[in-house]
Amino acid sequence: VCKYFNEQVEKMQKFKVSTYFTPKEMQIDVSKMQVLAKGIFTSRFGLDGQEEKEISFLMNFKYENGFLLLKKFSLYEESK
């Protein structure tokens, strides 16, 4: 398994692949201890390749022993 992931990392570095998320809106629900972050997910590859799409991430938190901890981080798909 480690060998597979090491090979994938090497391939991504060779193709100069990078991704990042730019938040545009954050909806905070204190009572549920969750944040919905909506924004643009950008993938860049090679010298000229770029792809953007609007996506949302849902983050759930918990408070434990005086610390705010990230419990879950997931892709959020709105039902249509």
Side-chain angles (χ1 to χ4, degrees):
V1 172
C2 288
K3 181 180 175 185
Y4 168 79
F5 285 109
N6 287 335
E7 290 172 357
Q8 296 306 310
V9 168
E10 289 175 14
K11 286 180 185 179
M12 295 297 126
Q13 289 173 339
K14 183 188 293 185
F15 292 119
K16 299 183 189 294
V17 174
S18 67
T19 60
Y20 59 93
F21 178 70
T22 307
K24 299 293 182 190
E25 177 186 347
M26 298 185 77
Q27 298 173 359
I28 301 167
D29 187 332
V30 177
S31 65
K32 291 183 180 179
M33 295 189 73
Q34 68 182 23
V35 175
L36 179 62
K38 297 180 179 184
I40 306 296
F41 187 77
T42 304
S43 299
R44 294 180 184 261
F45 44 91
L47 297 175
D48 299 317
Q50 180 173 319
E51 195 174 276
E52 293 182 342
K53 63 181 175 178
E54 289 188 27
I55 63 171
S56 300
F57 290 108
L58 183 62
M59 295 164 278
N60 296 88
F61 297 89
K62 67 179 179 177
Y63 191 72
E64 189 174 287
N65 298 323
F67 294 96
L68 183 63
L69 305 172
L70 180 62
K71 185 173 148 183
K72 185 177 179 183
F73 183 90
S74 57
L75 185 61
Y76 179 79
E77 296 186 35
E78 296 183 49
S79 51
K80 295 180 180 182

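In this text the structure is predicted, and so the values were computed from the model without any measurement.
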Joint hydrophobic cluster, Leu68 plus Val35, side-chain heavy atoms closer than 4.5 Å: yes

Cluster overlap Met26 with Val30, hydrophobic side-chain contacts below 4.5 Å: yes

More than 12 heavy atoms of other groups within 6.0 Å of Gln8 CD: yes

Nearest-0.5 Å distance, OG1 of residue Thr42 to CD of residue Gln50: 5.5 Å

Same cluster (ILVMFWY, side-chain, under 4.5 Å), Phe21 and Phe61: yes

Qualifying residues under ring-ring contact (aromatic ring centres under 6.0 Å, His included), relative to Phe73, sequence neighbours excluded: Phe57

Heavy-atom neighbours of Tyr20 OH exceed 12 at 6.0 Å: yes

Interatomic distance, Lys53 atom NZ to Phe41 atom CZ [nearest 0.5 angstrom]: 7.0 Å

Gln34 CD to Ile28 CD1 distance, which is reported to the nearest 0.5 Å: 11.5 Å

Student check: side-chain heavy atoms of Tyr63 and Met33 closer than 4.5 Å: yes

Interatomic distance, Tyr76 atom OH to Met59 atom CE [nearest 0.5 angstrom]: 13.0 Å

Shortest non-hydrogen contact from Ser56 toward Leu75: O-CD1, 3.4 Å

Where at least one partner belongs to residues 18-42, residue pairs that pass salt bridge (Lys or Arg N to Asp or Glu O under 4.0 Å), sequence neighbours excluded: Lys38-Glu78

